[in-house]
Number of protein chains: 2
Amino acid sequence: MSSGSITINDIAKMLGISKSTVSRALSEHSDVNAETRHKVLELARKLNYTPNALALNLKQQRTNTIGVLIPETVNRFFAKAIGGIQRVANLAGYNVMICQSDESFVTERSNLRSLLTAHVDGVLVSVSAETDRTDHFQVLLDKNIPIVFFDRISEELNTSRVYTDNYEIAFEGTEHLISQGCQRIAIVAGPQNLYNSRNRLKGYMDALRKHNLPVKENYIVQSHFRAGSVEDYTRDLINLPQRPDAIFAINDFAAIEMMHVIKKNGLRIPQDIAILGFNNETICRFVEPALTSIDMSAYDMGSEAAALLLDQIKGNREPQKKLIKSRLVIRESTHLKG
Amino acid sequence: MSSGSITINDIAKMLGISKSTVSRALSEHSDVNAETRHKVLELARKLNYTPNALALNLKQQRTNTIGVLIPETVNRFFAKAIGGIQRVANLAGYNVMICQSDESFVTERSNLRSLLTAHVDGVLVSVSAETDRTDHFQVLLDKNIPIVFFDRISEELNTSRVYTDNYEIAFEGTEHLISQGCQRIAIVAGPQNLYNSRNRLKGYMDALRKHNLPVKENYIVQSHFRAGSVEDYTRDLINLPQRPDAIFAINDFAAIEMMHVIKKNGLRIPQDIAILGFNNETICRFVEPALTSIDMSAYDMGSEAAALLLDQIKGNREPQKKLIKSRLVIRESTHLKG
DNA sequence: GCCATCTGTGCAATCGATTGTCCTAAATTT
DNA sequence: AAATTTAGGACAATCGATTGCACAGATGGC
């Protein structure tokens, strides 16, 4: 009665039987006299009995909870991914505990400790912009807690992962710009400790090389996802002696801010500078010119990752790797020909 | 050894003492011989002992976890609020379990059951667009689990709450439009079962009345936050015989889509139609014309709500009500005079 | 009619902590 | 020196479930 809820013990006492019999009657998989079982089920229903999850957690050493460790919920990609994760998890009877690293390695490591303390049954991870090692994940693996990386994966650890074809799509995006006649293509690249950022940059460079265009240092801008610097590096780019005629942005919101700066400087999009975004936010269709972007299926990545994690939790110990293809969505901001 | 972690029992056996002594040595608040205590602490440190949270949860009937029940993480207001919630919760040693209702009453009720089963110590709630009653919350209150509502509050229940001055800011926004010379102001109003939506509409209507402008039925559009209908109702509005000369949108993203539709129809903003958004997204500054909006301090609402909840959990049973003021941010989309 | 089998149920250990009660030996008082 | 206090620690119950083992009574085989 302490928490106001009735327990298996209460039912046992009320019926004058032992609590083991009650437990067996409720769990259905043991020999209990049909009449006894009926009485137990009846009373349990009447009293609105629900098993105490805390007791089960302790006894069974699991919590039916999965941890999610992402950079930021305000990043729309992750906000959408959470949707997919929760749908899959909830359908399977799991709760979801979410932590944000705020793109900080130290916070990521601390979050991981919290999730460990909370005894989550598994963890979904997208690493922070600062993360360049994996020892903090090893602690979980040593304790047999499965981890599934999604989007911002770690290539070092042999875990399940859900990832996108960053190399291929960056290659395709860059080729698209070239096909529109662009010759001086700049890119805003993410932190190079991230697998995705490296691949994106590689795809960009390989596309340039394939078409015999020079890869120029000053056309490659380093960004760390933090807002606030966009105006600065955009200004730097358009003031270069050899002004770029296209910019591959790091995401759509940065792209839209760049467009704003470019237009303020009297340049036209796409005629003077074409712009290519990333993430295909809804808003891409409503800005002027409409923004070409890359669609990422964030929701699907989340649900696939959750599904793989549940697989691992249920004992399927073969790590699986799942590719979710992204897709170039061409709009006016890169439309010069055809 | 079952989960690989060492327990208080292991330490007791290794030192040849009882586990109660170990427990008392670790908790520091009881008479344990200084030497014994030292040996225990030493060994605990050496073995990297951490108390099993599951055992503590059962024993103490609490989980150091708070539940958060919101409509959607893809709604940026809530994504930001989560940031504030997590910062406060984590600093106080609490984990955060997040559920999304997807604006559905049924899902909201089901989420609440999950949180109850998970034995969260308290819950932060922003109700769904469909929610028009409160009996599902009463179940938690009956079990003495504190609830704090934020933003989309319930006025019926006597719980702590963090809310904004929707009436006042809608009044102020509408007066601002009037001050710019607008006479035919339309509004896109949210579901009227929501306290916030009702107040916003009331503020709008009272401002019109104060300035002797008519409140016209066909200037009031009902929206349910779902995307996809924006283009339709915008077209309807601009095709009215008496076309509105200003529209008070339901949020910034809807406002930007409206601007797109309006411009496509050859009308100018703000000269033909002024637009007022809601939420003051970063992007407001980068669209053309820059969008006037209302700043909501989502992060602060989240952290204040979390702080009030922790108060309640710690036993301060006086429900508190906290107002977070919003702020009109004037930009070009409503700038006609001065 | 005796032993073996089966059915249904209870007892008690277990998960890993906390905490009230009690016991022993040393220290203090008189 | 006897009596009383006190410190330090052990024992066991508790939180609410699950589950191996034992045991009683009924049934069946020979």
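Here is the naming used below: chain letters follow the sequence lines, and residue numbers restart at 1 for every chain.
With hydrogens and angles left out, the side-chain atoms of A/Ser5 and B/Lys143 include a donor and acceptor closer than 3.5 Å.
The backbone N or O of A/Ser104 sits nowhere less than 3.5 Å from a side-chain atom of A/Asp102 that would complete a donor-acceptor pair.
Listed pair B/Gln61 / D/dG16 meets the phosphate criterion, a side-chain N or O lying under 4.0 Å from OP1 or OP2. Residue B/Thr36 places at least one side-chain N or O under 4.0 Å from the OP1 or OP2 atom of D/dG9. A sub-4.0 Å separation between OP1 or OP2 of C/dA17 and a side-chain N or O of B/Tyr49 is present.
A salt bridge does not link B/Lys39 to B/Glu42: none of the charged nitrogens lies less than 4.0 Å from a carboxylate oxygen. The pair A/Arg152-A/Glu103 counts as a salt bridge, with a side-chain nitrogen and a carboxylate oxygen less than 4.0 angstrom apart.
In plain terms, the two heavy atoms of B/Asn52 and A/Gln61 that are nearest each other are ND2-OE1, 4.0 Å.
Between its opening and closing five pairs, the helix from C/dG1-D/dC30 to C/dT30-D/dA1 changes axis direction by 60°, a value rounded to 10 degrees.
Comparing B/Val32 and B/Gln60 against DNA chain D, the residue whose closest nucleotide sits nearer the 5' end is B/Val32.
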Mind listing the N/O atom pairs, protein and nucleotides 22-25 of chain D, below 3.5 Å?
none

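Taking a 4.0 Å limit (strictly below) on heavy-atom distances, residues 15-26 of chain B reaches DNA chain C at B/Lys19, B/Ser20, B/Ser23, B/Arg24.
Of the candidates C/dA17, C/dG8, D/dA17, C/dG8 carries the atom nearest the A/Asn33 side chain, counting heavy atoms from C-beta on.
Within the nucleic acid shown, A/Leu56 comes within 4.0 Å of sugar-phosphate atoms alone, with no base atom in reach, counting heavy atoms only.
Protein atom CD1 of B/Ile8 is 16 Å distant from nucleotide atom C1' of C/dT14, rounded to whole Å.
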